[in-house]
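A short write-up of the structure that comes next.
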Amino acid sequence: MKIKSELSKIIETALTNANINADEIVISDATKPEFGDYQYNGVMKLAKQLKKNPREIASMVLEHIDTTGMIAKVEVAGPGFINIWLNDDWLATQTTAILEDSRVGVGKVEKPQRVVVDYSGPNMAKQMHVGHLRSSIIGDTLATLLEFLGDEVIRQNHIGDWGTQFGMLIAHLEELGTDGNTQELKDLEVFYKNAKVRFDESEDFANKARDYVVKIQSGDEHCLKLWQSFIDASLGHCEEVYEQLNVNLKKEDVRAESFYNDQLPQVIETLKEKGISTNSNGAECVFLGDDETPIIVQKSDGGFLYATTDLAALNFRDKELKADRICYVVDARQAQHFKQVFTIAKQAGMVRETVALEHIGFGTMMDKGGKPFKTRDGGTVKLVDLLNEAVVRAKETIKEREAHSEEALDALAKSIGIGAVKYADLSISRESNYIFNLEKMISFEGNTSLYMQYAYARIQSILRKHNAEVSGEIMVGDAIEHRLALMLLKFEDTLSKSAKEATPHTITTYLYDLVTVFMKFYELNPILRDDVDEATKMSRLQLATLTGNVIKKGLEILGIDVVDKI
RNA sequence: GCGCUUGUGGCUCAAUUGGAUAGAGCAUCAGACUUCGGAUCUGAGGGUUAGAGGUUCGAGUCCUCUCAGGCGUACCA
């Protein structure tokens, strides 16, 4: 239900009938229950333009607002706010209408776009570390969300598989022998470290490594084969992590750096032709605005840089993938880089003017002391280790409360532990740095996945206990049911906002508010007690069922499984 | 040096993009069980939104300066 746009239409009609012109009508949620459900704050601006008293204008508008359907009551308050109360019967009808809807009342966008979401982007030379967590799950949520809303999403995993370090790695792989290497490849950190040791201790090895870099680039078959087997092994690690994280990235979504390799000279040619780049100190550079430091697109030795690859990728995504919107889910620290690359791409005509280019930046994960997240000895924390730890902790927590069989416990621990980490990450507004705290993540209190899971399990428990058909209409009988019904209908507005701004935390905040309201409803309004009449019982069962459906769908978009029992 | 960015109760985070008395959760204190799962709910205390000016009907949000962090700054990605 697009409540806000429905209300906008009503207000627009009222304004027209009152002979007032307004360009855009923005409806916002009421800040307090006593101010109603929604409010329109635009009158103050209009009054300024018309040079009239805002309260006077608000009263004029008020007279023309249709209060026969959706709206129950309107009121002018403060300097000129128009407060809006929705009608109970309307809420009841609308919620009843979506009881059987698998999309729980969420429609599809009118104009679907083709959206490229670039996320995860691990480096093949190393194991995935905690830094990849945010990109992977924020990107995946965005992709799932846009798809659900009807856009055509193209996932792109821009893996780092090209560069000088690969010479060293494949030389080491060759030395181990392609058959005997499987053991050491299990841990890429170890593999990398050993390769580095060889590189430093042996002049022959180092020369060979450098030689191999050139050979891969020139397409030497033997080296490419070694390289490919190394990439396959490394990608295998990533796929295990994606599997564990419930992140929907497949092999066919991989479009690696190496893919763009042969397009790089063309990028330079285009930039030269258009007079965008110049030669400076032997390197091909782009100077933007008044910036003194350039963006280097080709090194003085002829090598290319990541800006060049990104330009080639932008060109490909525009020309071949024909994207309307391209989202880069990458660390916020690369903001300048993307700003520059986007500017160059548009200037050079590599991307059409109409394409929306967005850097979906996110903050860094910190430890409890507010420092960048590291292991005790200062190394990077491997993502698998962190996730495994979360599962272990979840298992301990669940075990304390209820008796489960060992298999059930393991399965529960997996979905709950991983879900808790994901939820905690997604619930923070993405651009700020955040402090990683596993205990808080696996807590049942506050805005955590377990609080949602608990509410869901409670609802399922009621339905099991009822153990019969649930039918009939929803009736909105009191203030708390009014709030609950309204929250349920707000799901679509929430998802739209989240998609537009690429902010997963909009969804978690909504779910938390929904569940909080549901918990209050649950306390105040008994469902299965004997003294509740049949129609009320059914209505409340329906409300509970619908709440469960929305929680499930919401968590599903975040890539988190719900469980019927905790 | 230049550029970008952040600063919100003791702690961790919000604030519908300029709207009403800045909201939650931890923690603290006080309540509610003949439990539809108490892993819950109700309430209280705790804030000059780093500081100082400015813009206007109205500022956590916009502008200027100061203070304190973080990040980026010519051939890594």
Side-chain angles (χ1 to χ4, degrees), chain A residues 4 26-32 34-35 39 41-42 44-45 47-48 53-54 77-81 83 121 123 125 160 162-165 257 280-285 290-301 303-307 309-310 330-337 339 361 363-364 366 368 370 372 397-398 400-402 424 427-429 431-435 437 439-440 443-448 450-451 453-455 457-466 493-494 497 501 505-506 509 512-513 516 519-520 522-529 532 537 540-541 544 565-566:
Chain A
K4 287 190 182 177
V26 180
I27 303 291
S28 32
D29 292 0
T31 49
K32 283 169 194 288
E34 57 262 42
F35 296 151
Q39 54 182 255
N41 304 330
M44 271 93 78
K45 264 179 210 139
K48 204 175 198 174
N53 182 331
F81 300 101
N83 293 340
N123 186 332
W162 210 244
T164 49
Q165 72 256 59
E257 280 177 5
S280 170
N281 294 337
E284 197 63 22
C285 299
D290 297 332
D291 293 353
E292 282 177 22
T293 52
I295 299 98
I296 300 176
V297 288
Q298 187 170 26
K299 295 194 280 184
S300 44
D301 69 1
F304 303 107
L305 291 140
Y306 76 133
T309 312
D310 279 336
V330 182
D331 195 304
R333 284 173 289 194
Q334 295 196 33
Q336 296 100 303
H337 165 72
K339 205 173 163 187
T364 314
M366 305 294 201
K368 283 174 196 166
T397 309
I398 303 162
E400 284 171 20
R401 310 283 183 174
E402 298 264 349
S427 68
I428 281 147
S429 94
E431 295 197 55
S432 56
N433 297 342
Y434 83 102
I435 292 177
N437 185 336
E439 286 108 87
K440 281 183 73 173
S443 155
F444 280 88
E445 286 152 342
N447 188 6
T448 61
L450 283 184
Y451 185 71
Q453 296 277 13
Y454 176 63
R458 252 182 159 179
I459 291 166
Q460 303 318 307
S461 170
I462 295 171
L463 295 173
R464 277 195 299 273
K465 196 155 204 162
H466 173 63
D493 280 344
T494 304
K497 188 186 173 202
E501 296 170 2
H505 87 283
T506 308
T509 305
Y512 180 59
D513 289 343
T516 305
M519 289 292 198
K520 285 172 187 164
Y522 178 92
E523 292 288 323
L524 291 167
N525 293 0
I527 300 174
L528 297 179
R529 280 228 294 264
V532 179
K537 183 197 280 185
R540 289 177 181 169
L541 277 169
K565 284 184 192 174
I566 299 179

Next item on the list: Determine the contact category for A/Glu431: base if any of its heavy atoms lies under 4.0 Å from a base atom, sugar-phosphate if only primed atoms, P, OP1 or OP2 are that close, otherwise nothing.
Entry: nothing
Notebook entry, point to check: Which is true for A/Tyr434 with a 4.0 Å heavy-atom rule: it touches a base, it touches only sugar-phosphate, or it touches nothing?
Noted result: sugar-phosphate
Check: Whom does B/G7 pair with, Watson-Crick or G-U wobble, provided both distances fall under 3.5 Å?
Finding: B/C67
Next item on the list: Tell me what A/Tyr522 touches on the nucleic acid: a base, only sugar-phosphate, or nothing, going by heavy atoms under 4.0 Å.
Entry: base
Note to self: Applying a 4.0 Å non-hydrogen cut-off, can you work out what A/Lys4 is touching in the nucleic acid: base, sugar-phosphate, or nothing?
What the structure shows: base
Item checked: Per A/Phe35 side chain, nearest of listed nucleotides B/A20, B/A14, B/U16 -> B/A20
Next item on the list: Using a 4.0 Å heavy-atom cut-off across all strands, classify A/Lys497 as base, sugar-phosphate, or nothing.
Entry: sugar-phosphate
Next item on the list: With the side chain of A/Arg333 defined as its heavy atoms from C-beta on, choose the nearest nucleotide among B/C71, B/U40, B/G19.
Entry: B/C71
Note to self: Tell me if a side-chain donor or acceptor on A/Thr448 pairs with a main-chain N or O of A/Ser443 at a distance below 3.5 Å.
What the structure shows: yes
Checklist line | Per A/Glu445 side chain, nearest of listed nucleotides B/G37, B/G25, B/G19 | finding: B/G25
Checklist line | d(CD, A/Gln334; P, B/A77) in whole Å | finding: 11 Å
Next item on the list: Assign A/Ser300 to base, sugar-phosphate, or nothing according to its heavy-atom contacts below 4.0 angstrom with the strands shown.
Entry: base
Check: Is there a Watson-Crick or G-U wobble partner for B/G37 with both distances under 3.5 Å, and which nucleotide is it?
Finding: none
Notebook entry, point to check: Mind checking who B/U73 pairs with, Watson-Crick or G-U wobble, both distances under 3.5 Å?
Noted result: B/G1
Next item on the list: Calculate the interatomic distance between A/Lys440 atom NZ and B/C13 atom C1'; express it in whole Å.
Entry: 7 Å
Item checked: Base paired to B/G47 (Watson-Crick or G-U; both N/O distances under 3.5 angstrom) -> none
Next item on the list: Enter the distance from A/Arg464:CZ to A/Lys565:NZ here, rounded to the nearest 0.5 Å.
Entry: 5.0 Å
Note to self: As a test of reading the structure: which of B/A74, B/A77, B/A20 is closest to the side chain of A/Pro294, going by heavy atoms?
What the structure shows: B/A74
Next item on the list: Using a heavy-atom cut-off of under 4.0 Å over every strand shown, decide if A/His337 touches base, sugar-phosphate, or nothing.
Entry: nothing
Check: So which nucleotide from B/G37, B/G25, B/A74 ends up closest to the side chain of A/Ile296?
Finding: B/A74
Notebook entry, point to check: If you look at every strand shown and take non-hydrogen atoms under 4.0 Å, does A/Asp310 touch a base, only sugar-phosphate, or nothing?
Noted result: nothing
Note to self: Does A/Asn525 reach a base, just sugar-phosphate, or nothing at all? Heavy atoms under 4.0 Å.
What the structure shows: base
Notebook entry, point to check: Within the structure shown, what part of the strands sits under 4.0 Å from A/Ala335 by heavy-atom distance: base, sugar-phosphate, or nothing?
Noted result: nothing
Item checked: Nearest listed nucleotide, side chain of A/Leu305, among B/G37, B/C76, B/A20 -> B/C76
Next item on the list: Could you tell me whether A/Asn281 contacts a base, only the sugar-phosphate backbone, or nothing, with contacts defined as non-hydrogen atoms closer than 4.0 Å?
Entry: base
Notebook entry, point to check: Across the strands shown, which category fits A/Leu450 at heavy-atom distances under 4.0 angstrom: base, sugar-phosphate, nothing?
Noted result: nothing
Next item on the list: By nearest nucleotide on RNA chain B, pick out whichever of A/Met519 and A/Gln39 is the more 5' one.
Entry: A/Gln39
Next item on the list: Report the residue (A/Gln165 or A/Ile459) whose heavy-atom-nearest nucleotide on RNA chain B is the more 5′ of the two.
Entry: A/Ile459
Check: Looking across every strand, which nucleic acid part, if any, lies under 4.0 Å from A/Asn447 by heavy atom: base, sugar-phosphate, or nothing?
Finding: nothing
Margin query: For A/Ser280, run the side chain to side chain contact (heavy atoms under 4.5 Å, CB included) check against A/Cys285, A/Ser300, A/Pro294 and tell me which one passes.
Written below: A/Cys285
Next item on the list: From the options B/G25, B/C36, B/A77, select the nucleotide whose nearest atom is closest to the side chain of A/Ile527.
Entry: B/C36
Note to self: Suppose we define a pair by two distances each less than 3.5 Å, Watson-Crick or G-U wobble; what does B/U17 pair with here?
What the structure shows: none
Notebook entry, point to check: Between B/G19, B/A74, B/A14, which one does the side chain of A/Cys285 approach most closely?
Noted result: B/A74
Next item on the list: Kindly say whether, by distance alone, the side chain of A/Ser280 makes a donor-acceptor pair under 3.5 Å with the base of B/A74?
Entry: yes
Note to self: Over all strands shown, is A/Ile435 touching base, sugar-phosphate only, or nothing at heavy-atom distances under 4.0 angstrom?
What the structure shows: sugar-phosphate
